[in-house]
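In what follows, a single structure is set out as structure tokens and then discussed.
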Amino acid sequence: MRVQVKERRRVIVRFAGDSGDGMQLAGSRFMDATAEHGNDFATLPSFPAEIRAPAGTLAGVSAFQIHFAAQDILTPGDEPDVLVAMNPAALRSELGALARRGTVIANEDAFTKRNLEKAGYDANPLEDGSLDGFHLIRIPMTSLTARATEAMEHVSTRDAGRAKNLFALGVVSWLYDRPTAPTERWIRAKFADKPGPLEANLAAFRAGWNFGETSELVDVQYRVDPATDVPAGTYRNVNGTTATALGLIAASVRSGLPLVLASYPITPASELLHELARHQDMGVRTIQAEDEIAAAGMALGAAFGGALGVTATSGPGLDLKTETIGLAVALELPLVVIDVQRAGPSTGMPTKTEQSDLLAALHGRHGESPLPVIAASTPGQCFEAAYEAARIAVTYRTPVILLSDLFLANSSEPWLIPDAGALPPIDPAFAQPGEPFSPYARDEKGARPWAIPGTPGLTHRIGGLETEDVTGDISYDGANHARMTAIRAAKIAGITADLPRLEVDADPGAELLVLGWGSSRGAIRAAARRVRANGHAVATAHLHHLHPLPFDLGEVLHRFERVLVPEMNSGQFASVLRARFLVDVESYGAMEGRPLYAAELERELEERL
Amino acid sequence: MRVQVKERRRVIVRFAGDSGDGMQLAGSRFMDATAEHGNDFATLPSFPAEIRAPAGTLAGVSAFQIHFAAQDILTPGDEPDVLVAMNPAALRSELGALARRGTVIANEDAFTKRNLEKAGYDANPLEDGSLDGFHLIRIPMTSLTARATEAMEHVSTRDAGRAKNLFALGVVSWLYDRPTAPTERWIRAKFADKPGPLEANLAAFRAGWNFGETSELVDVQYRVDPATDVPAGTYRNVNGTTATALGLIAASVRSGLPLVLASYPITPASELLHELARHQDMGVRTIQAEDEIAAAGMALGAAFGGALGVTATSGPGLDLKTETIGLAVALELPLVVIDVQRAGPSTGMPTKTEQSDLLAALHGRHGESPLPVIAASTPGQCFEAAYEAARIAVTYRTPVILLSDLFLANSSEPWLIPDAGALPPIDPAFAQPGEPFSPYARDEKGARPWAIPGTPGLTHRIGGLETEDVTGDISYDGANHARMTAIRAAKIAGITADLPRLEVDADPGAELLVLGWGSSRGAIRAAARRVRANGHAVATAHLHHLHPLPFDLGEVLHRFERVLVPEMNSGQFASVLRARFLVDVESYGAMEGRPLYAAELERELEERL
Amino acid sequence: MTGLTKQDFSSDQETRWCPGCGDYAVLAAVQGLMPELGIPPHRVVFVSGIGCAGRFAYYMDTYGMHGIHGRAPALATGLAAARGDLSIWVITGDGDALSIGGNHLIHALRRNVPLKILMFNNQIYGLTKGQASPTSERGKVTKSTPFGAHDAPFNPLALVLGAGATFAARTIDRDRVHMTAVLRAAAEHRGAAFVEIYQNCPVFNDGAFAPLTDKQQAVFNRIPLEHGEPVRFGPDSEHGVVRAPDGRLVVGAGDDPAIVVHDAHRDDPAQAFALARLADSPSDPTAIGVFRAVERPVGIAEAGAKLAEARGSLEPGALHDLLHAGDTWTVAG
Amino acid sequence: MTGLTKQDFSSDQETRWCPGCGDYAVLAAVQGLMPELGIPPHRVVFVSGIGCAGRFAYYMDTYGMHGIHGRAPALATGLAAARGDLSIWVITGDGDALSIGGNHLIHALRRNVPLKILMFNNQIYGLTKGQASPTSERGKVTKSTPFGAHDAPFNPLALVLGAGATFAARTIDRDRVHMTAVLRAAAEHRGAAFVEIYQNCPVFNDGAFAPLTDKQQAVFNRIPLEHGEPVRFGPDSEHGVVRAPDGRLVVGAGDDPAIVVHDAHRDDPAQAFALARLADSPSDPTAIGVFRAVERPVGIAEAGAKLAEARGSLEPGALHDLLHAGDTWTVAG
Ligand SMILES: Cc1ncc(C[n+]2csc(CCOP(=O)(O)OP(=O)(O)O)c2C)c(N)n1
Ligand SMILES: Cc1ncc(C[n+]2csc(CCOP(=O)(O)OP(=O)(O)O)c2C)c(N)n1
Ligand code: SF4
Ligand code: SF4
Ligand SMILES: [Mg+2]
Ligand SMILES: [Mg+2]
């Protein structure tokens, strides 16, 4: 039979199965094929919570969502059009998200009595009509994979059993007409010296593809043309973690400062430690410290020695670094502190995202200890954000807190690779022997000299006790303390002079400004796009510098009737703006441990238009 | 000759000398005599910074200031009328504070070449006319003390040498006609079994008194009549540390909960540990933990066991307790965290006061972790504040941060002793065996059950991972997380219902409201008194609950044209009010490591009137 | 016997460890031992840190607190200070106890706080998916050490003996009988008891203890310690731990006259220390059992008793008197 | 010789310790030793914690960082990781190192970070004016323990040996010659060196070490350790440390054939541990000198070297290549 081919502008697919089913792998392969095909895309994996749950249970479900389109897109998407469910638990935990009349591709072999029970189904949803609202495609993937691989000499039944994810991938690849070459290439490279898995995976993938082509079950194929509206250049796929690592290494190379990352493992920040640990060849030094306090201390000690000192963590670890960050404020040494936010309070939900550490980053230190706070907005932008954090830390001799979050860290998108040579310069400007030297003298930016051990003639002592202006000697003088407090604050506030004016994307006559920070960027822009499509005028702007704020922000806020700040917390940034500008900023806070959805923001905006 | 006697309403005396000179002792004796005499008073000791400085140096100066009056007074006073200077360093470091045409009583024996050098004088200020603007009384205290004690059989020259502070005390006691009995009583008790010091001190004290009476150097005696406008009742003298300790013990006794204080020493909070450690007999248990993290953990562990768990610290220690306080927020267990603020950032100036930990107390935890914050306003009020902190912690099953500061901790004033029986009840309301029980069910106040180990049938587990509403089971459900976040916030916000409306002391037609919190209370009221005496109308109010805020605060703020918030920081509380009420609150921040002065506030007020 | 059963100590929470995880065996052993101790569930408290091991507390139907990473000993110390009437157990991992929690561990042991501290040592970070721990051997390749760990590991028993632990023992997840005996001894110890449990993590560090658990190798590598007995091992006790002329403990013949006799109750911890240092990693013959068990004052308990006493004997007027202590004066109305 | 003098290492800051404080003696000894080491002041860094001892850093005319309480070993570890070309010294107190800083101390030693850690042990909290420290003896009355400390103290050398310290020594503020020799040995050690210095605090704990410093008593109480020498002491070496039949080290006669010969370079730390445990408080005969000094890999330094190397050999295009690593695709303009 001839299948009809339909066109689609944008599609969202979610692969879901047991942690053991290889869904992340299937998703990643689909992503690479999609990249090669030339669509724009964004992806979001979701892993089971901390502990490995028993196979087949809801707690054990692992999923990978990809949003791809013929135009540039901004988020991994809210509601999938297609859900691949490798077992009942996957179906049950993910079905809620599926779009109305969406497609379910289920591995019916897995819907055994035992598995149904484990997932908490009394009846088989594939049969009891509960899926009538959806387009259900049942495929016995396990047995078809087994059949496809049987009688292959190297293939064990175990190999066959573990290849069904490639079968699913084959089906979906056909469904959206993805190129098969990248996947086959990958399989060959990956299993070069493992003939069993190699043959099994190849066979399964092809079997899946052929099944799509021949089976009557799948009667439409969709075409999603390559995106044409993306800027020219060379791209690669990155998630936030990789982009952050690259940004730090770039800053290290460009500044000539060796990179020393001292961290203590914590989900989701650990990945950055893992990633950087592999780059010894780039002169990167990673230390797994005994705890977060030590990690911050080691990074600061390295900075004293003239390195780019970085420490990365998540909420609970940020709490522990507080005192040491305060010391860095007093010492006025460069230090980059990265907080990959997750849902709190306390241990909270370590595998869920949130933006609720903002006020802790701004104010979570005793005494008057101001420091710059920067927030990354997309996976790819993490590169820029990390680079900027390093630039400010080094230029102003100050600790900088870079806020990322679990969503950014794990989400991937195509990234336009920047020209290494064109990155803004970072000059450590170490104090030189022979120059007149006082430890707390200041340059025009208010920064003090960075005189590193080993420099003849510049021996000096610094510490956490209040220091005398210029000399850096210990001082208990009240007037000096007031002066130093003002000097520290002015230095940080002065960074504003370095910052570009705020980019505002405003329709003529727009009365509502939607102001975002951090990972809500994509969702906000997507929502704005939609309300504009509905014919409304709206303005959006996004902040990457949360302290100090862009010099023209106040003026921008006053230009609009209403200002809405969507954030994954209870309105923390909104309160900062209210205090600073006395503007009645409205806040939309979502705290469900997931990224903001374009759809919910669309609703919020519509209500206000 | 007959000395004339003049009347004074209020007098400020500062005793200053080397750490070794016993100034704190002289001052305290003077205070007790003043209390017995019936004046109202307030005192403020100031100690040399952390490390013992070499004798005779500026860094080694120790001082004690007392403000006493025939009317009720509010602060230890700004500018002393009389400065007792036991050596050149004392004169040099304290003279700046002395009132114009004030009196200097100097121990001229100590103005030797060596001491003058140590203090950095090239010429002897007693002779070079540099004190012409003041009324200078030179007394050879060392030699007169020696003479007064010579030939006493038990008195060694060492005893004599160390008694000159009592000579100075005698002079000043005569000058202000203090009763001598309390001092002589004290000497006899203190040195009961040390005949040498006993005789020496008695003789020195009397010699000083007689010197005042007979010497022509001192030609006026001042009378400061007993204060008549203080409320009736039984009084004792307390500093903030003692009052806090008594408040905690009272809460423990009234609630029936044993008091467990776990602390790690830190200036100025250590004193509370020392004070409470002495009260084993009241069922108080103190633990010196290995660090502040452990201290917070131990207090929280004790709370789990059904004790009143308390931990006390200062800025750097508060930083370290952050994560554990966040755990307490998640566990919803009672915990009292006391922060005796000192000047930051980092180690800062450990012996100087400040109010700069407010935002850290409010926001210094990752994630959404709201908790009540209370601030003590005077040394005596620390009793009430500590009691209230315990009451709220127990009633609402929440950590509470009580903010005090170094000034409050060390400053003393007469305290009207409350009736133990009349203190508000504190009911632990432990969950009882047999009652229906879910760990995260809630009472009408939103508090969860406190089911302590040892209770049959109520075994349960709690932890820092997000908990399911009611059951308390671990939950990674997004909707549940949003609900729990809201529930935790609502519980804390709901405390407002318990709080009295805000007392406002407003003159008819007052347009300026001076709103204070913490230890600025006395200075604000004194300043208001002065501008009123100058015929201005002004309003004052003082907050003891900083989160949640009194329900009528917003309405109060809007009643006035202008609102001024004086605080010993860069305007932290002002920013809280601006964010919450969008009122253009003005801030006056003094950050010189000293309490606010009534005089500077008077100036600020005058400018705004 | 108490009429209590294993079920009385098993909570309704579904266990969430990976299939084959050594933690299951420890849980079974503890739930099996509890009824024998004759302490009702409501007098037992499990305080745990964060890690796979930390989940243990949820599976015991006793009072429990799942604290924060590394702080369980501090939380438990506070509980012990407030309450002398409970049986308090701390569950921790090698990272939780020795990395972030090192300070609290050594101080809880120094103070001899009456806690039973069970450290599940899988020589890896399990919960965070496979980084090196302070007990990971030098050169180990993990997610955080792709080129091999370059630091030497702790010898946990040497560390705790150095900290003054009054009870220190080591056992193995796979040996239910041995583990139960060691845990019972810990439960009966008056002060702080530290038990290192070699625990296999099949996912991130499988087989780390094979030399001690694998049928073939075990008999040659396990050196069982019995108080008062010569330290012999091997299929026919042909090997033994002997003291060399220079004073060192070395592996020698089972019938060597210089064979060491184990004395767990000896005041001087030096020999226990030497036995602990026989092997720094379980690849060599390794001593297991109770290394040290000595009576020492339990300061916190004593003070705790004083506390209770004081509370008990508080006069009605005590608070009034305290408030009025020292010089007071009265202003007439 | 280097032409450097004591003055080259003395800063212009006025020393602010109490009159008679033992810290002065240590400062003098260190400033006296430095020139001999032949390292110019600008290659020397002193990192200190908070406490009276912590002020030390301000008095050395070298690079210095006065950190926060207990964290000096962590700060110094980071510095050592970034820089292999410096001589890094950590100055800490008994509270700074063993109470709040315990975890960083044991990990710095485990990692064998090339730091010279000098712990000024005055068995009290000096700077905060007299609370108990983890080395204060049981029963000690202090501001924080008005009824006497109820916890047992740490034996610092036993603790650090348990943590795997490759160099552990003890000396006394009052013995300039001994202190200088021990500090020199520490300076020459390749890895982490821990030196406990008994330091008198005349204000809050005067005479704590009198048995070892007082002319009369010292000869009877100091047990000097010399590598390769039998451990003898007393005016005429009439006493000695001997190994009892049961293996314990005890004080016996100087001519006892079972006398112990000190071996500081021995791989097995058990004997050093036993010597450290001879006395838990300096009231009894106490061993002083270098207990252990063994060569071990200095992981952080090796990695540090790799780091420098890698930086050196970075190709110009390296960053460009890294950014373009993996699958890339190009969109035509
Ligand atoms: C303050 C803080 N830092 C880091 C973490 C992340 N974390 C949780 S468990 C763990 C270590 C787990 O290893 P281990 O203690 O050996 O326990 P296991 O999982 O192996 O049983 C870490 C680093 C955390 N939860 N909190
Ligand atoms: C985080 C923190 N906690 C507590 C303190 C207060 N503090 C300063 S030094 C010190 C202990 C000093 O004792 P030790 O380390 O023995 O040094 P010493 O003064 O005896 O030389 C303490 C508790 C602090 N500065 N920072
Ligand atoms: S990761 Fe390892 S330790 Fe953790 S549950 Fe799985 S097997 Fe057990
Ligand atoms: S308090 Fe003690 S340790 Fe500190 S400086 Fe004075 S004498 Fe030295
Ligand atoms: Mg582990
Ligand atoms: Mg000390």
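In what follows, chains carry the letters A, B, and so on, assigned in the order in which the sequence lines appear, proteins first and then strands, with residues in each chain numbered from 1. Since we're looking at a predicted model, the values are computed, not measured.
What you find for C/Phe147 and A/Arg278 is that their closest heavy atoms are CZ-O, 3.9 Å.
Interface residue C/Thr15: only backbone heavy atoms are found under 4.5 Å from chain A. Neither the backbone nor the side chain of C/Ala149 comes within less than 4.5 Å of any heavy atom in chain A. Using a 4.5 Å cut-off between heavy atoms, A/Leu276 makes no contact with chain C at all.
Counting heavy atoms of neighbouring residues, nucleotides and ligands inside a 6.0 Å radius, atom NZ of A/Lys190 does not exceed 12 of them. In A/Arg92, the CZ atom is crowded: over 12 heavy atoms of neighbouring residues, nucleotides or ligands sit closer than 6.0 Å.
The side-chain heavy atoms of C/His69 and A/Pro316, taken from C-beta on, include no pair separated by under 4.5 Å. Side-chain atoms of C/Lys129 and A/Phe47, non-hydrogen and from C-beta on, never get closer than 4.5 Å to each other. Residues C/Glu14 and A/Thr57 meet the side-chain proximity criterion, which asks for heavy atoms closer than 4.5 Å. Taking 4.5 Å as the limit, every side-chain heavy atom of C/Ser144 sits out of range of all side-chain heavy atoms of A/Thr286. In this structure, C/Ser99 and A/Tyr264 have side chains that are in contact, with non-hydrogen atoms separated by less than 4.5 Å. Considering only heavy atoms from C-beta on, C/Ile100 comes within 4.5 Å of A/Glu292 through its side chain.
For the atom pair NZ of C/Lys143 and OG of A/Ser270, the computed distance is 8.5 Å after rounding to the nearest 0.5 Å. Interatomic distance, C/His150 NE2 to A/Ile287 CD1, rounded to the nearest 0.5 Å: 7.5 Å. Atoms OH and CD, on C/Tyr125 and A/Gln288 in that order, are 5.0 Å from each other to the nearest 0.5 Å. To the nearest 0.5 Å, the span separating OG1 on C/Thr128 from CD on A/Glu271 amounts to 10.0 Å.
Every residue two or more places apart in sequence or in another chain was checked for a side chain to side chain donor-acceptor pair (under 3.5 Å) with A/Thr322, and none qualifies. Applying the side chain to side chain donor-acceptor pair (under 3.5 Å) test to A/Ser252 and every residue at least two apart in sequence or in another chain returns D/Arg311. Scanning for salt bridge (charged side-chain N to carboxylate O under 4.0 Å, His left out) contacts around C/Arg277 gives C/Asp280, with sequence neighbours left out.
Contacts of residues 155-170 of chain C with chain A at a heavy-atom distance below 4.5 Å are absent; not one residue qualifies.
Chain C forms the most heavy-atom pairs under 4.5 Å with one residue out of A/Pro265, A/Ala289, A/Ala294, and that residue is A/Pro265.
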